[in-house]
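Reminder, nothing fancy here: chain letters follow the sequence lines and each chain counts from 1.
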Amino acid sequence: MQWPARFTVRHIAHRLRSCSSLKEVESWYGLLLKNGTAQDCFLMNQYITACSHLHAIDSTIFAFAQMENPNLFVYNAMIGAFVHYFRPLDGLWYYVLMLRNGIRPSSYTFPAVIKSCRVLSFVGVGTSVHGQVLRTGLPLHVHVQTALVDFYSSLGRILESTKVFDEMPERDGFAWSAMISAHARAGDLDSAKRVFDEMPENNTATWNTLIHGYVEAGDVESAEELFCRMVKRDVISWTTMINCYCKHKRYREAVELFREMKSTEIRPDEVTMSTVISACAHLGALDQGKEMHLYVMQTRSNIDVYIGSALIDMYAKCGLLERALLTFFKLQEKNLFCWSSMIDGLAFHGYAEEALSMFDKMEEENIEPNSVIYVSVLAACTHGGLVEEGKRRFLEMTSRYFILPGIEHYGCMVDLLCRVGLLEEALGLIRSMRMQPNSVIWGALLGGCKLHKNLEIAQVAVDRLMILEPNNSGYYTLLINMYAEANRWSEVARIRAIMKDRGVLKIWPGSSWIEVKKKMHQFAACDNYHPASEEIYSVLDVLDLQLKLFGYEPYLDFVL
DNA sequence: GTAGGGTTAG
């Protein structure tokens, strides 16, 4: 079949660009082949770009491979497509191919190449590309220079960023944004603000960049102030601010700001939704989380991996493990984070075996685990008391995936060994660590000592804890209780004296909270602040009575 | 070519 004679090349290019499905694009490729125009660089460039927009990177690679003489534009499209789909190494590979084939790169080639180097942290390659840019003798190009500003600042080489920026003959919003971001990355918010103020006309992106800079620097107040002063906020401004509250554990404010956002005409996108669902997870706000889930389902056809992971995590943290599982199995696309949330949810609810078999299933699907997921795997072993399994997985982590254990993995292992009474082995593991053990590690050991009544090792742990957290009364109290239990009252007096001497204060008691009908209720031990306090305590009394009827004896050894 | 996203041991 020939296409109609009235179709010019330009006509076809336009049709290719406006395709909305891969099937449509592919059928155009069939036509290109039949008409013998599959070697036409201009048309193939359009085809590659169209595929790239539709997430079909494999089709672009195939089409490229069929071409005998791809030109500069085709290479540029390929390199751009790879960067767009997070395959920077392939992008650089095509760049090298291009040079080998004697094609001179243009100003449209370099930004993608430099970005690839930035993503891969290829310092040497990036610097050499900068040299190539200078040697081409092309006039300085604002896109290339912006990419260089970004490249150097991501390496912490702010002076070079500034130099490139200062040499720029003209600067657009992107360039200013990159420079503000460069200073912010270096932690120099004063300079970031100065560049922001120097800029002739600020745009939404530069405001957002600066706000994000303050968020990263931990200056929530400045971020808030800027956000309030903004005249034209877009979805990124709102999301940045919602994320700001999440980063600083002010989840309630995050959800409140989201509500405020919904009263404007700005629509939340995937990033906003995953952030706010995660905030609900941390709050244990099930009703609100469900509402977000509903909103997501109403407004989009499928759930992306970020929102999927956030939902799984939210349902698991709110106690609805079945819902978490349902969400997990319904996901069309799953990545490591989806598996991670699911495995962690299972482990958290005590389903150790299930968590481990889920992990094995993930391996079968050729998803490479990272160090974080191993924390959940080891925690599952701890909660299930699976010592041998835990040891095996701990070793496998390094031997199979080359993941060096971090302090949190040691934490899990120490906890695992301690709970079953292997205290010496735990101490040996602590001594073999590549890093300085922190209070969590010693705390886990102390917990094991308490459980298995080992005063000698407990003393070792407390000695370390007194140095690491001298003001935490909890560890002292625990040791006092242990000595009291062993009737060693002189030791009790000795530690009490140390506490008094060091002025160790009793810390505030921990509290818990629950959401009922979108209202948060907070409780601390023995408090009577809640309006329904009396009623709650009477229910507790009933529960207490029922427990006793079932033969439960409260463990009062440590209540002195 | 610039700006916003995720899970973790006690």
Would you indicate what I407(A) reaches in the nucleic acid, counting non-hydrogen atoms under 4.0 angstrom: base, sugar-phosphate, or nothing? base

Over all strands shown, is V305(A) touching base, sugar-phosphate only, or nothing at heavy-atom distances under 4.0 angstrom? base

Decide yes or no on salt bridge (Lys or Arg N to Asp or Glu O under 4.0 Å) for R229(A) and E225(A), but give the supporting numbers first. CA-CA 6 Å; R229(A) 273 176 37 207; E225(A) 197 210 304; 3.3 Å; yes

If you count every heavy atom of other residues, nucleotides or ligands that lies below 6.0 Å from F73(A) atom CZ, does the total exceed 12? no

Scan R419(A) against the nucleic acid and name what it touches under 4.0 Å (heavy atoms): base, sugar-phosphate only, or nothing. sugar-phosphate

When you measure from every atom of DNA chain B, which of residues 183-191 of chain A have a heavy atom less than 4.0 Å away? R185(A)

Would you mind reporting whether P88(A) and F82(A) have side-chain heavy atoms less than 4.5 Å apart? no

Under 4.0 Å between any heavy atoms, over every strand shown, what does Q145(A) touch: base, sugar-phosphate, or nothing? Just pick one. nothing

Side-chain donor-acceptor distances from residues 328-335 of chain A under 3.5 Å, at least two apart:
unit_1  : atom_1 : unit_2  : atom_2 : d
N335(A) : OD1    : F337(A) : N      : 3.0
N335(A) : OD1    : C338(A) : N      : 3.3

Pairs involving residues 382-397 of chain A, ordered by first then second residue, that meet side chain to side chain donor-acceptor pair (under 3.5 Å) (sequence neighbours left out): D360(A)-R393(A), E389(A)-R392(A), E389(A)-R393(A), K391(A)-E425(A), R392(A)-E396(A)

Sorted by first residue and then second, give each side chain to side chain donor-acceptor pair (under 3.5 Å) pair with at least one member in residues 368-377 of chain A; sequence neighbours left out. D344(A)-S376(A)

Any residue in residues 228-247 of chain A with a heavy atom nearer than 4.0 angstrom to DNA chain B? Just list them by number, or reply none. D234(A), V235(A), I236(A), T239(A), T240(A), N243(A), K247(A)

Residues of residues 436-448 of chain A with any non-hydrogen atom less than 4.0 angstrom from an atom of DNA chain B: list those, numerically ordered, please. N438(A), V440(A)

Does S177(A) reach a base, just sugar-phosphate, or nothing at all? Heavy atoms under 4.0 Å. base

Please work out if V215(A) contacts a base, only the sugar-phosphate, or nothing of the nucleic acid, heavy-atom cut-off 4.0 Å. nothing

Do R259(A) and E291(A) sit within salt-bridge range, that is, some charged N less than 4.0 Å from a carboxylate O? yes

Using the side chain to side chain donor-acceptor pair (under 3.5 Å) rule, collect all pairs that involve residues 175-184 of chain A, keeping only residues at least two apart or in two chains. S177(A)-T209(A)

When the aromatic ring centroids of H130(A) and Y152(A) are compared, is their separation below 6.0 Å? yes

Regarding N203(A), tell me which of base, sugar-phosphate or nothing describes its non-hydrogen contacts under 4.0 Å with the strands shown. nothing

Going by salt bridge (Lys or Arg N to Asp or Glu O under 4.0 Å), name the pairs with one or both residues in residues 177-191 of chain A, residues two or more places apart or in two chains. D150(A)-R185(A)

Using side-chain heavy atoms (C-beta onward) and a distance below 4.5 Å, is Q459(A) in contact with L479(A)? yes

Please give me the minimum heavy-atom distance between Q436(A) and I407(A), naming the atom from each residue. O-CD1, 3.3 Å

Filter on salt bridge (Lys or Arg N to Asp or Glu O under 4.0 Å), then keep only pairs touching residues 193-210 of chain A, sequence neighbours left out; what's left? K193(A)-D197(A), R194(A)-E198(A)

Taking the six-membered ring for Trp, is the centroid-to-centroid distance between W238(A) and F258(A) below 6.0 Å? no

Sole candidate of I457(A), V420(A), L423(A) that passes side-chain contact (heavy atoms from CB on, under 4.5 Å) when paired with H452(A): L423(A)

Answer yes if the ring centres of F110(A) and H141(A) are under 6.0 angstrom apart, and no otherwise. no

Any salt bridge linking E365(A) with K361(A)? Criterion: basic side-chain nitrogen under 4.0 Å from a carboxylate oxygen. no

If you draw a 6.0 Å radius around CZ in F196(A), do more than 12 non-hydrogen atoms from other residues or ligands fall strictly inside? yes

Interface with DNA chain B, restricted to residues 146-153 of chain A and to heavy atoms under 4.0 Å: T146(A), D150(A)

Does anything in residues 107-118 of chain A reach DNA chain B, meaning a heavy atom under 4.0 Å, and if so which residues? P111(A), K115(A), R118(A)

Go through DNA chain B in 5' to 3' direction and return only the first and the last nucleotide with some atom under 4.0 Å of chain A's heavy atoms. dG1(B) to dG10(B)

Quick one: label S376(A) by what it contacts on the DNA or RNA (base, sugar-phosphate, nothing), any heavy atom closer than 4.0 Å. nothing

